[in-house]
*Asks:* 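The structure is given below, and queries will be raised subsequently.
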Amino acid sequence: MPHKITLIPGDGIGYEVSHAATRCIEATGVSIQWDSVLAGQDALEKTGELLPQSTLDSIKKNKVALKGPLTTPIGTGFRSVNVALRQALDLFACLRPAKSYSGVRSRFKDIDLVIVRENSEDLYAGIEFQEGKPETKALITQIQKDTHKSIRYDSGISIKPISKFASERIVRFAFQYALENKRKKVTCVHKANIMKFTDGLFLEVARQVASEFTGKIIFQEAIVDNMAMQLVQKPHNYDVLVLPNLYGDIISDLCAGLIGGLGIAPGANIGKQMAVFEAVHGSAPKYKGKNKANPTAMILSGVLMLRYINEFKAADNLEEAVKQVIAEGKSVTYDLKPDPQDLSAVGTAQMADAIIEKIRR
Ligand code: NAI
């Protein structure tokens, strides 16, 4: 029986990197029936909707999706179609491994970090009050009355909700992940010294969950600003990091930088029932249709997907093929060459061809 998987090719470079990824995944011999559906700018142009219900229904039915990056056009009523998709499907855990591959130029070798980012709340909840609106002024008046703190009336306001429920499920996810993947340590990253009732709650819940894993997984705490410095100085001291939404977004890009850039950083958005696999990078519109973008992040997202559907051998073979192509440094895209202007850099499709050749050998 083939695996039925939803495919969202994506916008900008999305189609090219998704096509490269599906070809590589199929080359492993795993039988997959793709259900190709639309979201983002492409969907808006073809169907009049950014996130059609039929796309959500396909993912709900198949439980697994591979997704290219999506562009959210301004003025469409969505802050981000990606955030909307994660919220609509309750994909509460964002998993972003940051792993060194030999042959990639970066400051450090042998980095093997896993970022677990809460995906459903925090400043990404989309609860915002625009400067100058009557409801914003009314809210400011109410806050001043309740807290005796002054807020300028020409302020915009974004709300940061952090719940016990969502904090517990993400921290538990991080510890379970650590246990199942033989990792040693989970570090909870926060700013609880300033935001006592939001980050403070996240930290308090993390301590409670951690106590259930005493003797199995080491628990550490780190303030986010210090964490940023520690990561650029001593990234090898860390293992699995669990963070609220905003810090998770920022720190995962920092970690992508540590391993050589967005071109090789994969990701997954995981819920209780289903998961959507996607690269950390966006749709890089300037490279659209140029056969230039690095397909590795998308292909490695495919590796994570293969593990999720229990196709471990295929996942290992595909990751090994990617490793070899990068280590050889010949059939790689411009961003993996010592000089980005290097004329020997190959295109997206040709890098995928080289990976497929390694799988078949
Ligand atoms: P971006 O990640 O698309 O591009 C930033 C820069 O990173 C690019 O100009 C390029 O130099 C480099 N880059 C990214 N991916 C690459 C690849 N595969 N190979 C080689 N170089 C690569 O971020 P940006 O410019 O902030 O966003 C562009 C659009 O993508 C926006 O509409 C944004 O909303 C969307 N976006 C979508 C995401 C998603 O679908 N998950 C995530 C981030 C942004």
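We number each residue from 1, following the sequence as shown. As a basis for the values below, the full set of heavy atoms in this structure was taken, side chains included, without hydrogen atoms, waters or symmetry mates. Just follow the structure's listing: the first ligand is 1, and inside any ligand the first atom is 1. Since the model is a prediction, treat every value here as computed from it, not as a measurement.
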*Asks:* Considering only the protein, which heavy-atom contact is closest to atom 22 (C) of ligand 1, and what is its distance?
*Replies:* Y334 OH, 4.3 Å
*Asks:* Is there a donor-acceptor contact under 3.5 Å linking the side chains of E320 and Q324?
*Replies:* yes
*Asks:* Report yes if G68 has an N/O atom closer than 3.5 Å to an N/O atom of ligand 1; otherwise report no.
*Replies:* no
*Asks:* Indicate whether atom 27 (O) of ligand 1 is within a distance of less than 4.0 angstrom of some protein heavy atom.
*Replies:* no
*Asks:* Against heavy atoms of Y287, which atoms of ligand 1 measure under 4.0 Å?
*Replies:* 10 (C), 11 (O)
*Asks:* Evaluate A293 for polar contact with ligand 1, using N/O atom pairs at a separation under 3.5 Å.
*Replies:* no
*Asks:* Is a side-chain N or O of K337 found less than 3.5 angstrom from the main chain of K330, in a donor-acceptor match?
*Replies:* yes
*Asks:* With the threshold set strictly below 4.0 angstrom, can you tell me whether any protein non-hydrogen atom sits that near atom 12 (C) of ligand 1?
*Replies:* no
*Asks:* How many angstroms lie between atom CG of L50 and atom CD of E45, to the nearest 0.5 angstrom?
*Replies:* 10.0 Å
*Asks:* Any protein heavy atom under 4.0 Å from atom 6 (C) of ligand 1?
*Replies:* no
*Asks:* Do the side chains of S106 and I259 get nearer than 4.5 Å, heavy atoms only?
*Replies:* no
*Asks:* For ligand 1 and P69, I'd like to know whether there is a polar contact (N/O to N/O, distance under 3.5 Å).
*Replies:* no
*Asks:* Give the residue, atom name and distance (to 0.1 Å) of the protein heavy atom nearest atom 3 (O) of ligand 1.
*Replies:* A284 N, 2.7 Å
*Asks:* Any heavy atom of K67 sitting closer than 4.0 Å to ligand 1?
*Replies:* yes
*Asks:* Does K191 make a cation-pi contact with Y247, if we ask for NZ or CZ under 6.0 Å from the ring centre and within 45° of the axis?
*Replies:* no
*Asks:* How far is atom 9 (O) of ligand 1 from its nearest protein heavy atom, and which residue and atom name does that atom have?
*Replies:* K286 CE, 3.3 Å
*Asks:* For V280, is the nearest heavy atom under 4.0 Å from an atom of ligand 1?
*Replies:* yes
*Asks:* Go through F219 and F213 one step at a time and tell me if the ring-ring contact (aromatic ring centres under 6.0 Å, His included) criterion holds.
*Replies:* CA-CA 9 Å; F219 177 62; F213 293 83; over 10 Å; no
*Asks:* Measure the distance from atom 34 (O) of ligand 1 to every protein heavy atom, then report the residue, atom name and distance (to 0.1 Å) of the closest one.
*Replies:* L70 O, 4.3 Å
*Asks:* Specify whether the nearest protein heavy atom to atom 36 (N) of ligand 1 is under 4.0 angstrom away.
*Replies:* yes
*Asks:* Would the distance check show the side chain of S100 and the main-chain N or O of I111 forming a donor-acceptor pair, the cut-off being under 3.5 Å?
*Replies:* yes
*Asks:* Hey, is atom 1 (P) of ligand 1 touched by any protein heavy atom at less than 4.0 Å?
*Replies:* yes
*Asks:* What protein heavy atom sits nearest atom 30 (O) of ligand 1, and how far away is it?
*Replies:* S283 N, 2.9 Å
*Asks:* Which part of E278 is near ligand 1, with near meaning a heavy atom under 4.0 Å away: side chain, backbone, both or neither?
*Replies:* side chain
*Asks:* Given D249, D11, N269, T71, which has its nearest heavy atom closest to atom 32 (O) of ligand 1?
*Replies:* T71
*Asks:* Hey, what do you get for CD (Q230) to CG (D225), rounding to the nearest 0.5 Å?
*Replies:* 10.5 Å
*Asks:* Using the test ring-ring contact (aromatic ring centres under 6.0 Å, His included), find all partners of F92 that sit at least two apart in sequence or belong to another chain.
*Replies:* none
*Asks:* Any salt bridge (charged side-chain N to carboxylate O under 4.0 Å, His left out) pairs touching residues 280-301, not counting sequence neighbours?
*Replies:* none
*Asks:* Consider every N or O of D335 and every N or O of ligand 1, then say whether any pair is closer than 3.5 Å.
*Replies:* no
*Asks:* Does ligand 1 have an atom under 4.0 Å from some heavy atom of N82?
*Replies:* yes
*Asks:* State whether Y124 and R117 meet the cation-pi test: NZ (Lys) or CZ (Arg) under 6.0 Å from the six-membered ring centroid, and within 45° of the perpendicular axis.
*Replies:* yes
*Asks:* Evaluating non-hydrogen atoms only, which member of T333, N294, T296 is closest to atom 17 (C) of ligand 1?
*Replies:* N294
*Asks:* Under 3.5 Å, is there a donor-acceptor pair linking the side chains of N82 and K67?
*Replies:* yes
